[in-house]
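Notes for the one structure printed next.
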There are 2 protein chains.
Amino acid sequence: MKNIDTEWSDFTRFEDNENNNFPADLKYSYKTYLKNEIIFRQGNLCDALYILVSGSVKTEMITETGNLMGIEIIKAPRPLAPAFLFSDNNRFPVEVTTLEVSEILQIPKEEVIRLMGVQPNFMRQFLVHNANRTQFLTNRLQMLSIKTIKGKIAHFLLEQYNEYGKTFQINRNQTELAEFFGVARPSLARSLSEMVQDEIIFINKKEYTILNKDYLKSLLV
Amino acid sequence: MKNIDTEWSDFTRFEDNENNNFPADLKYSYKTYLKNEIIFRQGNLCDALYILVSGSVKTEMITETGNLMGIEIIKAPRPLAPAFLFSDNNRFPVEVTTLEVSEILQIPKEEVIRLMGVQPNFMRQFLVHNANRTQFLTNRLQMLSIKTIKGKIAHFLLEQYNEYGKTFQINRNQTELAEFFGVARPSLARSLSEMVQDEIIFINKKEYTILNKDYLKSLLV
DNA sequence: TTTGATGTGTAACTTATGTTACACTTAAAT
DNA sequence: ATTTAAGTGTAACATAAGTTACACATCAAA
């Protein structure tokens with residue numbers, strides 16, 4: 001699974017260039033929050049682009065690393081829920097709370113739009129980020145809509161196969177994998193060992209080898 | 001469940017104004033496809049914005065899962081997978097096939113970017129659409145990551161509650177609801193009747209009434 | 001009003017997965 | 001080298017959901 005955190009930092013890169021390319025009259029503001037302060041409540045209107053420039057916050061939602069609903073910790077620099085800025089129902093779906101003293105840069109929606117007109121790179125980053133996010137969600141949705149554990153495993157392994165070939169490393173332990181799939185750890189272990197037993201896959205520590213690709217494909221239905 | 005088709009037509013509105021506001025030198029092309037022609041194969045590069053301007057197409061998740069993400073029929077006017085145009089891995093995730101003679105307008109990626117600079121409304125529509133799409137996916141993902149049937153029902157009913165109050169109509173029959181939740185029909189019926197038994201909800205034909213909202217909320221965990 | 005199609009309720013049974021618990025292994029820390 | 005923590009395998013059992021099957025209800029068409 002790809003870590004999509006990298007694009008987030010790309011996305012906020014524009015801040016570094018502020019002195020150079022940005023409209024001098026751009027409206028924005030910084031706000032500092034204390035530890036354990038609630039920044040957004042669920043249902044709050046999201047009428048600006050909020051970028052966490054320092055500190056860290058926690059929120060509950062689907063995590064960027066792909067784990068199912070739980071508490072996600074967001075470290076600066078990263079925008080907060082930029083996907084909701086332009087949606088028709090632009091309200092925060094979750095509560096956001098600081099974990100330490102944190103600073104948030106806020107750019108009003110209309111200014112964001114203006115900025116995009118002036119700064120094609122900023123626009124591009126925004127578009128790319130949201131596109132990646134959509135793709136990520138689509139992929140997760142596919143994975144979750146497979147109902148059997150072996151099916152989920154197959155989906156995941158075939159993805160790796162497409163990227164790396166029939167042998168690859170998985171840098172997650174069973175517990176993390178189980179969380180990723182949204183299943184119980186012993187259940188995952190059972191399915192995995194059955195698949196090894198049946199010679200569908202071979203596992204040595206964190207190295208996985210696909211022995212029967214066609215069978216894996218048949219599990220996706 | 002909200003119908004998100006409406007935004008799609010908004011999004012393509014720019015076509016109507018072509019003569020007025022669009023750069024005269026905008027590069028674009030039209031292509032006509034016969035019935036049952038494959039327009040895109042899974043994995044095809046998506047390097048342009050494709051808008052279905054007449055006709056209709058169907059898409060299938062080739063790899064996965066029956067009911068849940070099954071076959072979608074798309075009628076003109078609507079763009080095809082615009083979310084993928086800007087993603088890092090910009091390949092079509094699905095196969096797209098015409099259902100009748102159909103016409104597709106194609107605007108190269110770079111031209112789309114230029115267009116956005118010139119036409120703030122176009123950009124806005126694009127942003128709004130993708131934001132709504134993300135929200136839709138997020139919501140769907142939330143629903144799917146609830147593991148019990150009663151939990152899924154609760155999630156769905158509470159959504160209706162927030163929009164319409166404690167009594168509302170559901171214009172789907174049990175079979176459709178079961179497909180929507182990705183569960184078996186008799187299992188859904190069993191859960192529903194238990195919830196009625198326990199006086200959590202009341203059902204009369206397609207009219208649902210929420211009797212114990214707090215209990216429904218407790219099912220979401 | 002009869003017929004057929006579509007939808008609903010529900011029972012008996014099967015199956016996959018979750019739960020809990022514990023022994024064993026490996027890696028890390030002292 | 002010894003101790004500790006983290007990770008893995010797996011067994012026994014509980015439970016939710018799937019499967020199949022069928023009776024009954026509703027509604028529209030003939």
Side-chain angles (χ1 to χ4, degrees), chain A residues 1 65 67-70 143-157 168-209 215-216 218-221, chain B residues 64-70 143-157 168-209 211 215-216 218-221:
Chain A
M1 238 260 324
T65 52
N67 285 344
L68 292 179
M69 313 283 301
M143 205 278 289
L144 270 187
S145 54
I146 298 170
K147 277 163 235 144
T148 64
I149 294 185
K150 286 184 184 173
K152 287 171 207 259
I153 295 172
H155 176 85
F156 178 73
L157 294 180
F168 42 82
Q169 301 282 326
I170 304 282
N171 60 351
R172 295 169 181 246
N173 61 33
Q174 269 191 10
T175 309
E176 290 167 336
L177 264 185
E179 266 167 26
F180 178 66
F181 292 140
V183 302
R185 205 272 309 163
S187 305
L188 175 65
R190 174 170 46 207
S191 292
L192 281 174
S193 69
E194 279 171 18
M195 290 167 88
V196 169
Q197 203 81 26
D198 298 347
E199 298 185 306
I200 312 303
I201 57 176
F202 175 76
I203 305 178
N204 181 24
K205 304 277 168 65
K206 289 183 184 304
E207 185 183 87
Y208 289 64
T209 303
Y215 185 79
L216 284 185
S218 77
L219 291 174
L220 294 180
V221 183
Chain B
E64 262 97 86
T65 174
N67 295 333
L68 256 152
M69 318 196 47
M143 205 277 290
L144 273 186
S145 56
I146 298 171
K147 276 163 236 143
T148 65
I149 295 186
K150 285 183 185 174
K152 289 171 205 257
I153 295 172
H155 177 85
F156 177 73
L157 293 180
F168 43 82
Q169 301 282 323
I170 303 283
N171 60 352
R172 295 168 182 248
N173 62 32
Q174 270 192 9
T175 308
E176 289 167 337
L177 264 186
E179 267 168 24
F180 178 65
F181 292 139
V183 302
R185 207 270 310 161
S187 306
L188 175 66
R190 174 170 47 203
S191 292
L192 281 174
S193 70
E194 278 171 18
M195 290 167 89
V196 169
Q197 204 80 27
D198 298 346
E199 297 186 308
I200 313 303
I201 56 176
F202 175 75
I203 305 177
N204 180 25
K205 303 276 168 66
K206 290 183 183 307
E207 185 183 270
Y208 290 64
T209 303
L211 302 177
Y215 185 79
L216 285 184
S218 78
L219 292 173
L220 293 181
V221 183

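Note that these values count all heavy atoms, side chains included, but never hydrogens, waters or copies made by symmetry. Order of the sequence lines sets the chain letters (A, B, ...), proteins ahead of strands, with each chain counted from 1.
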Task: Separation of dG18(D) P from K147(A) NZ (nearest whole Å) - done: 7 Å
Task: Under-4.0 Å salt bridge between R185(A) and E179(A) - done: no
Task: dG18(C) base / R185(A) side chain donor-acceptor hit below 3.5 Å - done: no
- [ ] Could you check which of dT10(D), dG18(D), dG7(C) has an atom nearest any side-chain atom of V183(B)?
- [x] dG18(D)
TODO: Report yes if a side-chain nitrogen or oxygen of Q174(B) is closer than 4.0 Å to either non-bridging phosphate oxygen (OP1 or OP2) of dG9(C); otherwise report no.
DONE: yes
Task: Whole-Å gap separating P (dA17(D)) and CG (L192(B)) - done: 12 Å
TODO: Taking the side chain as every heavy atom from C-beta outward, state whether T148(A) and L219(A) have any pair of such atoms under 4.5 Å apart.
DONE: no
TODO: On DNA chain C, check which nucleotide each of I149(A) and P186(A) is closest to and give me the residue with the more 5' one.
DONE: I149(A)
TODO: Starting from the first five and the last five pairs of the helix from dT1(C)-dA30(D) to dT30(C)-dA1(D), work out the angle between the resulting helix axes, to 10 degrees.
DONE: 40°
Task: Pair F202(A)-Y208(A), ring-ring contact (aromatic ring centres under 6.0 Å, His included): steps then yes or no - done: CA-CA 6 Å; F202(A) 175 76; Y208(A) 289 64; 9.8 Å; no
- [ ] Starting at atom CE of M195(B), determine the distance to atom P of dG9(C), rounded to an integer number of angstrom.
- [x] 14 Å
TODO: Write down the distance between CG (N173(B)) and C1' (dG9(C)), rounded to a whole number of angstrom.
DONE: 14 Å
TODO: Find the distance between CD (E194(A)) and CD1 (I149(A)) and round it off to the nearest 0.5 Å.
DONE: 9.5 Å
Open item on the list: Need to verify one output field. Residue with the more 5' nearest nucleotide on DNA chain C, S187(B) or E176(B)?
Closed with: E176(B)
Open item on the list: Using a 3.5 Å distance criterion without hydrogens, assess whether the side chain of E176(A) forms a donor-acceptor pair with backbone atoms of N173(A).
Closed with: yes
Task: Atom-pair distance (CD on Q197(A); P on dA11(D)), nearest Å - done: 10 Å
TODO: Give the rounded distance in Å between these two atoms: CG of L188(B) and P of dT8(C).
DONE: 10 Å
Task: Minimum heavy-atom distance L188(B)-A178(B), with the two atoms named - done: CD2-N, 3.6 Å
Open item on the list: Expressed as a whole number of angstroms, how long is the span from K206(B):NZ to dT6(C):C1'?
Closed with: 10 Å
Task: A184(A) side-chain proximity, nearest of dG18(C), dA21(D), dG7(D) - done: dG18(C)
- [ ] Look at the side chain of R190(A) and the base of dG18(C), then say whether one donor and one acceptor between them are separated by less than 3.5 Å.
- [x] yes
Open item on the list: Do F181(B) and L144(B) make a side-chain contact, defined as non-hydrogen atoms from C-beta onward lying under 4.5 Å apart?
Closed with: no
Open item on the list: How many whole angstroms separate atom CD1 of I153(B) from atom P of dA17(D)?
Closed with: 9 Å
